[in-house]
Number of protein chains: 2
Amino acid sequence: MSRMPVDERRAALVAATLAVVERDGIAGASARAIVNEAGMPLGALHYAFTSLDALMDAAADAVTDQERIAAEPPPGAAAGSLADVLREGLAAYVDLLAAHPARELAFLELMLRAARARLDLPAGPGRHARSYAVMAELLEAAAAATGTRWASPTDALARHAVATLDGITTTWLADHDTPAAHATSRFLAAALAHHAVPPADQEA
Amino acid sequence: MSRMPVDERRAALVAATLAVVERDGIAGASARAIVNEAGMPLGALHYAFTSLDALMDAAADAVTDQERIAAEPPPGAAAGSLADVLREGLAAYVDLLAAHPARELAFLELMLRAARARLDLPAGPGRHARSYAVMAELLEAAAAATGTRWASPTDALARHAVATLDGITTTWLADHDTPAAHATSRFLAAALAHHAVPPADQEA
DNA sequence: CCTCCAGTTGGACGAACGTCCAAGTGAGGA
DNA sequence: TCCTCACTTGGACGTTCGTCCAACTGGAGG
């Protein structure tokens, strides 16, 4: 690793941390395991970060900054009603979860680590803020694509959606019941659709 | 700890483990920390359990066996509509979460630990089975108390409810936004109520 | 009262941990 | 070409970890 910019080193170490946590869990994410994953000497960690804790914090930030909600616009253009669009999008997340459970598990482990550090802090602007924003954009896009509009503020609905997706994740990790997870995602889609004004009642 | 039945020892160690995880997190739940919490000598751990891992497994089982949903029947008898009853019950959980976040965080940490161990296992009957059953009973009790009946199977609805409560928990742990958590609980209550037949349409 | 042994204990052991620092290294200026 | 020094490295240090086992203990049976 001769002569590599510090920022690049930090990014590589963060990526290695995510890989190790995904493979071995947060308990297996030791300094040696991480630098080994990154192909770096042991000293590189404390050269790029002040401590292992700081690296873990950076990794947690990278996860929350990353857009967890894989929200590609539907390939088939005209999908149907708002409820259909929501159903499809949420089902896509459940499929992603069932395909890569270790990744979601790693995200949750890092999130709980950060949550414990913040337990005593008074309020906090929220680590999920970016997730909420992304989800709100998704909801608005879905409404726009189906000629619908939301009857409730999208940021509130977005938080409900993100929370429920988190719950779908933890619950699936507990019982590995993919059909049931899909059912819950449909439950969520229907619940969200209830907060939209149907196309007939539009142009008010 | 002279002359104590092994089962009682095991139970005491499990209780101590839960206390340590709640206070210091799963990372701080070392063998020495646990036996210290229990007021036992170090050797007592491997006398009652084959390994620390086995003790952690037992602790995780104790949590999932325990009824997490604090579901006391509403003290005021006549509460109102089904949606009102659900709202009250779910709000009670959010209050409990906001009052004792470390406990819920500990539960989640233990649950994720067990989830990682089960990652490769094919399906599994589900760790949450007891939670689902308790929640299903609650839903049925709420319907019975308000003269309503469910249009969907209560075990499916129960899983949706448990999943969403998990999501409310993780999301609150991330942003500490109690009013928003209450809003999500109301969102869930309304969504559940949509799957019930209103009293007017009864006696079919 | 003594013996005995199932039950209990605390120290020992090797491994792995996070952190630090003195030695090494190689590109750029003289 | 050689010197220099900022950057990089890997080994050393003290701590803590999980596990094991030889020594201890105290109530029951003779």
Side-chain angles (χ1 to χ4, degrees), chain A residues 1-62 106 109-110 112-114 116-117, chain B residues 1-62 106 109-110 112-114 116-117:
Chain A
M1 292 303 114
S2 54
R3 230 25 83 95
M4 190 176 178
V6 229
D7 296 335
E8 202 171 330
R9 263 171 190 279
R10 272 194 268 262
L13 282 170
V14 164
T17 302
L18 295 180
V20 170
V21 172
E22 180 172 335
R23 187 187 346 107
D24 303 323
I26 213 172
S30 67
R32 285 168 178 81
I34 291 170
V35 296
N36 211 49
E37 177 78 21
M40 289 183 190
L42 179 57
L45 197 155
H46 286 84
Y47 170 63
F49 291 92
T50 63
S51 71
L52 177 63
D53 262 334
L55 171 54
M56 300 291 282
D57 287 344
D61 284 347
E109 287 177 328
L110 287 169
L112 288 194
R113 200 199 80 97
R116 181 163 288 282
Chain B
M1 292 303 115
S2 54
R3 227 31 82 95
M4 192 178 180
V6 227
D7 297 334
E8 201 170 330
R9 263 171 189 277
R10 274 194 267 263
L13 282 170
V14 164
T17 302
L18 295 180
V20 171
V21 173
E22 180 172 335
R23 188 187 345 108
D24 302 324
I26 214 173
S30 67
R32 285 168 177 82
I34 291 169
V35 296
N36 210 48
E37 176 78 22
M40 290 184 190
L42 179 56
L45 197 156
H46 287 84
Y47 170 65
F49 291 93
T50 63
S51 70
L52 178 63
D53 263 333
L55 171 55
M56 300 292 281
D57 287 343
D61 284 348
E109 286 177 329
L110 288 169
L112 288 194
R113 200 199 82 97
R116 180 163 289 281

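By convention in this document, chain letters (A, B, ...) are assigned in the order of the sequence lines, proteins followed by strands, and residues within each chain are numbered from 1.
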### Query
Sequence neighbours excluded, which residues qualify as side-chain hydrogen bond (donor to acceptor under 3.5 Å, both in side chains) partners of Asp61(A)?
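Asp61(A): side-chain hydrogen bond (donor to acceptor under 3.5 Å, both in side chains) contacts with Arg127(A).
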When the distance from [atom1] of [X] to [atom2] of [N] is rounded to whole Å, what number comes out?
{"X": "Ile34(B)", "N": "dC17(D)", "atom1": "CD1", "atom2": "P", "answer": "11 Å"}
{"X": "Met40(B)", "N": "dG11(C)", "atom1": "CE", "atom2": "P", "answer": "18 Å"}
{"X": "Leu42(B)", "N": "dA23(D)", "atom1": "CG", "atom2": "P", "answer": "19 Å"}
{"X": "Asp24(B)", "N": "dT16(D)", "atom1": "CG", "atom2": "P", "answer": "14 Å"}
{"X": "Asn36(B)", "N": "dT9(C)", "atom1": "CG", "atom2": "P", "answer": "14 Å"}

### Query
Once you round to the nearest 0.5 Å, how far does CD1 of Ile34(A) lie from CG of Leu45(A)?
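Ile34(A) CD1 to Leu45(A) CG: 6.5 Å, rounded to 0.5 Å.
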### Query
What distance do Phe49(A) atom CZ and Arg9(A) atom CZ have between them, rounded to the nearest 0.5 Å?
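The CZ atom of Phe49(A) sits 11.0 Å away from the CZ atom of Arg9(A).
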### Query
dG11(C), dG18(D), dG18(C): which one has an atom nearest the side-chain heavy atoms of Ser30(B)?
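Shortest atom-to-atom distance from the side chain points to dG18(D).
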### Query
If you check every side-chain atom of Arg9(B), which of dC17(D), dT8(C), dT19(C) has the closest atom?
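It is dT8(C).
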### dG11(D) OP1/OP2 closer than 4.0 Å to side-chain N/O of Arg32(A)
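So the side chain of Arg32(A) is outside the cut-off, no N or O lying under 4.0 Å from OP1 or OP2 of dG11(D).
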#### Entry: For DNA chain D, the residues among residues 44-57 of chain B that have a non-hydrogen atom under 4.0 Å from it
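Correct list: His46(B), Ser51(B), Leu52(B).
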### Message
Taking side chain to side chain contact (heavy atoms under 4.5 Å, CB included) as the criterion, tell me which of Leu112(A), Thr17(A), Val20(A), Leu110(A) meets it with Ile26(A).
### Response
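With Ile26(A) as partner, Leu112(A), Thr17(A), Val20(A), Leu110(A) yield a single side chain to side chain contact (heavy atoms under 4.5 Å, CB included), made by Leu110(A).
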### Residue pairs involving residues 32-59 of chain B (criterion salt bridge (Lys or Arg N to Asp or Glu O under 4.0 Å); sequence neighbours excluded)
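Residue pairs with at least one partner in residues 32-59 of chain B: Arg23(B)-Glu37(B), Asp53(B)-Arg113(B), Asp57(B)-Arg113(B).
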### Query
If we only count heavy atoms from C-beta on, is the Arg116(A) to Glu109(B) side-chain gap below 4.5 Å?
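Yes; the side chains approach each other to less than 4.5 Å.
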